[in-house]
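Counting from 1, the numbers follow the sequence of the chain as shown.
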Amino acid sequence: MLNVKWKQQISGMKAYQPGKPIEEVKKEFGLDEVVKLASNENPYGYSPKVKEFLQSDSTNHAIYPDGYAQSLRSAVANHLGVKESQLLFGNGSDDLIAIVTRALLYPGVNTVMADPSFSQYSHNAEIEGAEVRKVPLKDGKHDLEALLEAIDENTSVVWVCNPNNPTGTIVSDDELKSFLKKVPSEVLVVLDEAYFEYVDAPEYKDTLHYVDEYSNVVIMRTFSKAYGLASFRVGYAIAQEQVIAMLDPVRPPFNNTVLSHKVAIIALQDQQFIKECKEKNEIGRKQYVEFCEKHGLKYYPSQTNFILFEVKADSDVVFQEMLKRGFIIRSGNALSSPGFIRVTIGTEEQNSKFLALLEDVLTEQGVFA
């Protein structure tokens, strides 16, 4: 096996580490109930209309799906007001990131991104042998001027995670507008908007018009977060037709399932559900902000369904102690944010229970008197 001609770049690389599975934690600690607040899933699940459909669905799963995703393509195009030929569908946003990197990155070129940000940008770039240029966040936000300075004649892609994962912070429309004007036209700008539906800040605007204005802009969105369809794996990209035409041959055939096409269409039709989830999320977000302010803990002003905040203790220890108490979260050590934890905003009841237990843990750790 050692004699196989492995790609040099993957030597020593580690696979993506998702949050621990609920069943594994139940078994490990002998718990009857475990709440997962690690992967930013929607605690309210998906639209009741999707549930109703799934109970009566008679899809023939022996047949390959439509590789062009025509029915979903038409629904999303109609919802966004774009041409069908401006869309690319992926097996979640992760698939889209892999498609972009495979199409544009190789030894000799570089890619620019914030740090910390979503790990799959650098992970996929390293696999392709491209140079990765990470620009530190400034107060938890993208430092756009520094990103611009990192771009040179060998830069192929620049990533803007907006809102950013893991900090939940945003790039305002004014900031983005100024940034896009200065990025060279031959550099692809990927705006990853996985948490787009949760944002309520007035300075954050819909970016779709930038696709018309700039041939080098790609927007990525997903059905995994607010729509609650994480297990169905549907992400989509929006760009000018010629950009999509270049990326599409890199896409694996049949990269969505028949069922995922159907449920995404139904979920898209229930915007009232999205509105209600957003409103509940805002209430939950305030619970965490109040907790942090009460205890003098630094937190990043999140515009997502998660929050990254300080615990003034070893992140891994806090992670483990909360695990024992039935809550799966993310240690900041895994997110280049030691001394912090990232927590998905759950239901009001879940949040209250979590914060009460966290207070106990931090008292035991000597953080609180």
Side-chain angles (χ1 to χ4, degrees), residues 19 37-43 93 113-122 134-147 159-176 179 191-205 225-226 278 280-316 318-319 322 327-346 350-351 354-355 358-359 361-362 367-368:
L37 299 178
S39 300
N40 310 331
E41 295 123 335
N42 188 336
S93 293
M113 65 200 66
D115 182 42
S117 194
F118 189 43
S119 63
Q120 292 304 287
Y121 309 146
S122 59
K134 293 184 177 182
V135 175
L137 296 175
K138 193 174 182 180
D139 298 323
K141 293 182 59 177
H142 280 65
D143 186 343
L144 297 180
E145 286 304 315
L147 284 173
W159 306 85
V160 178
C161 190
N162 193 25
N164 187 49
N165 181 6
T167 55
T169 54
I170 58 168
V171 172
S172 73
D173 187 60
D174 285 345
E175 291 168 330
L176 184 61
F179 177 74
L191 306 178
D192 186 347
E193 299 178 349
Y195 300 93
F196 165 80
E197 289 84 3
Y198 285 110
V199 182
D200 61 1
E203 65 269 26
Y204 184 98
K205 310 290 186 186
K225 304 303 180 184
K278 180 179 178 179
K280 290 174 183 174
N281 183 72
E282 287 169 16
I283 293 169
R285 198 158 53 199
K286 287 175 183 174
Q287 289 177 270
Y288 286 90
V289 168
E290 287 170 5
F291 178 86
C292 291
E293 292 183 344
K294 173 187 172 184
H295 293 293
L297 301 174
K298 180 181 176 182
Y299 65 93
Y300 291 105
S302 175
Q303 284 290 312
T304 64
N305 68 333
F306 63 83
I307 183 166
L308 181 72
F309 64 96
E310 182 183 34
V311 287
K312 294 183 178 177
D314 187 316
S315 303
D316 287 346
V318 174
F319 163 80
M322 292 309 298
F327 282 91
I328 309 171
I329 59 172
R330 292 286 270 180
S331 165
N333 288 345
L335 304 168
S336 300
S337 303
F340 283 70
I341 57 173
R342 193 193 69 188
V343 184
T344 303
I345 296 165
Q350 289 170 344
N351 300 331
F354 173 85
L355 290 170
L358 179 63
E359 190 158 13
V361 169
L362 296 184
V367 177
F368 302 153

Engineer: Check whether any side-chain heavy atom of Leu137 lies under 4.5 Å from a side-chain heavy atom of Asp115, and answer yes or no.
Structural biologist: no
Engineer: Shortest non-hydrogen contact from Val199 to Pro163?
Structural biologist: CG2-CG, 3.5 Å
Engineer: For a 4.5 angstrom cut-off between non-hydrogen side-chain atoms, does Glu197 reach Lys278?
Structural biologist: no
Engineer: Which heavy atom of Met113 sits nearest to which heavy atom of Tyr121, and what is that distance?
Structural biologist: SD-CB, 3.8 Å
Engineer: Output the distance between atom CD1 (Ile307) and atom CG (Leu37), rounded to the nearest 0.5 Å.
Structural biologist: 12.5 Å
Engineer: Indicate the atoms forming the closest heavy-atom contact of Ser122 with Ser119, along with that distance.
Structural biologist: OG-O, 3.1 Å
Engineer: Return the set of residues passing side-chain hydrogen bond (donor to acceptor under 3.5 Å, both in side chains) with Glu290 (not counting sequence neighbours), or none when no residue passes.
Structural biologist: none
Engineer: Using a distance-only test with no angle check, is there a side-chain donor-acceptor pair under 3.5 angstrom linking Tyr299 and Glu293?
Structural biologist: yes
Engineer: Got a second to check how far Ser117's OG is from Asp192's CG, nearest 0.5 Å?
Structural biologist: 7.5 Å
Engineer: Would you call His142 and Cys161 a side-chain contact if the rule is heavy atoms closer than 4.5 Å?
Structural biologist: yes
Engineer: Is the shortest side-chain heavy-atom distance between Asp200 and Gln303 below 4.5 Å?
Structural biologist: yes
Engineer: Once rounded to the nearest 0.5 Å, what's the spacing between atom CZ of Arg342 and atom OG of Ser302?
Structural biologist: 10.0 Å
Engineer: Before accepting this row, confirm whether a basic side-chain N of the pair Glu359/Lys294 lies closer than 4.0 Å to the acidic partner's carboxylate O.
Structural biologist: yes
Engineer: Just grab all the salt bridge (Lys or Arg N to Asp or Glu O under 4.0 Å) pairs involving residues 297-316, residues at least two apart or on different chains.
Structural biologist: none
Engineer: I'd like to check the side-chain hydrogen bond (donor to acceptor under 3.5 Å, both in side chains) partners of Tyr288; sequence neighbours left out, ordered by chain and number.
Structural biologist: Asn351
Engineer: Do Arg330 and Pro166 have side chains that get closer than 4.5 Å, going by heavy atoms?
Structural biologist: no
Engineer: Can you list everything that forms a side-chain hydrogen bond (donor to acceptor under 3.5 Å, both in side chains) with Asn281? Sequence neighbours excluded, please.
Structural biologist: none
Engineer: Should Val311 and Leu362 count as side-chain neighbours, where that means a heavy-atom distance under 4.5 Å?
Structural biologist: yes
Engineer: Does the side chain of Leu191 come within less than 4.5 Å of Leu176's, by heavy atoms?
Structural biologist: yes
Engineer: Show the nearest heavy-atom pair for residues Gly168 and Thr304, with the distance to one decimal.
Structural biologist: CA-CG2, 3.8 Å
Engineer: For a side chain to side chain contact (heavy atoms under 4.5 Å, CB included) check, start with the C-alpha distance between Phe309 and Val289, then their side-chain angles and the critical distance, and finish with the verdict.
Structural biologist: CA-CA 9 Å; Phe309 64 96; Val289 168; over 6 Å; no
Engineer: What distance do Gln287 atom CD and Gln350 atom CD have between them, rounded to the nearest 0.5 Å?
Structural biologist: 10.5 Å
Engineer: Tell me if a side-chain donor or acceptor on Asn165 pairs with a main-chain N or O of Phe118 at a distance below 3.5 Å.
Structural biologist: no
Engineer: Could you go step by step and tell me if Leu358 and Ile341 meet the side chain to side chain contact (heavy atoms under 4.5 Å, CB included) rule?
Structural biologist: CA-CA 11 Å; Leu358 179 63; Ile341 57 173; 4.2 Å; yes
Engineer: Please find the pair of heavy atoms, one from Asn164 and one from Gly140, that lie closest to each other, and give the distance.
Structural biologist: ND2-O, 4.4 Å
Engineer: Just how far is it from atom CD of Glu193 to atom OG of Ser93, taken to the nearest 0.5 Å?
Structural biologist: 10.5 Å
Engineer: Measure the spacing between CG of Asn40 and OG1 of Thr344 and express it to the nearest 0.5 Å.
Structural biologist: 4.0 Å
Engineer: Taking the side chain as C-beta and beyond, is there a heavy-atom pair between Tyr198 and Glu282 under 4.5 Å?
Structural biologist: no
Engineer: Could you list the residues that satisfy side-chain hydrogen bond (donor to acceptor under 3.5 Å, both in side chains) with Glu145, not counting sequence neighbours?
Structural biologist: Lys182
Engineer: When you measure from the side chain of Asn162 to the backbone N and O of Ile170, does any donor-acceptor pair fall under 3.5 Å?
Structural biologist: no
Engineer: For Phe306 and Tyr195, take the angle between the two ring planes, folded into 0 to 90°, and tell me which bin it lands in: parallel under 30, tilted 30 to 60, perpendicular over 60.
Structural biologist: perpendicular
Engineer: For Ser315 and Ser337, work out which heavy atoms get closest and say how close.
Structural biologist: OG-O, 4.1 Å
Engineer: For Tyr300, give me all partners under ring pair (Phe, Tyr, Trp, His ring centres under 6.0 Å), at least two apart in sequence or on another chain.
Structural biologist: Phe340
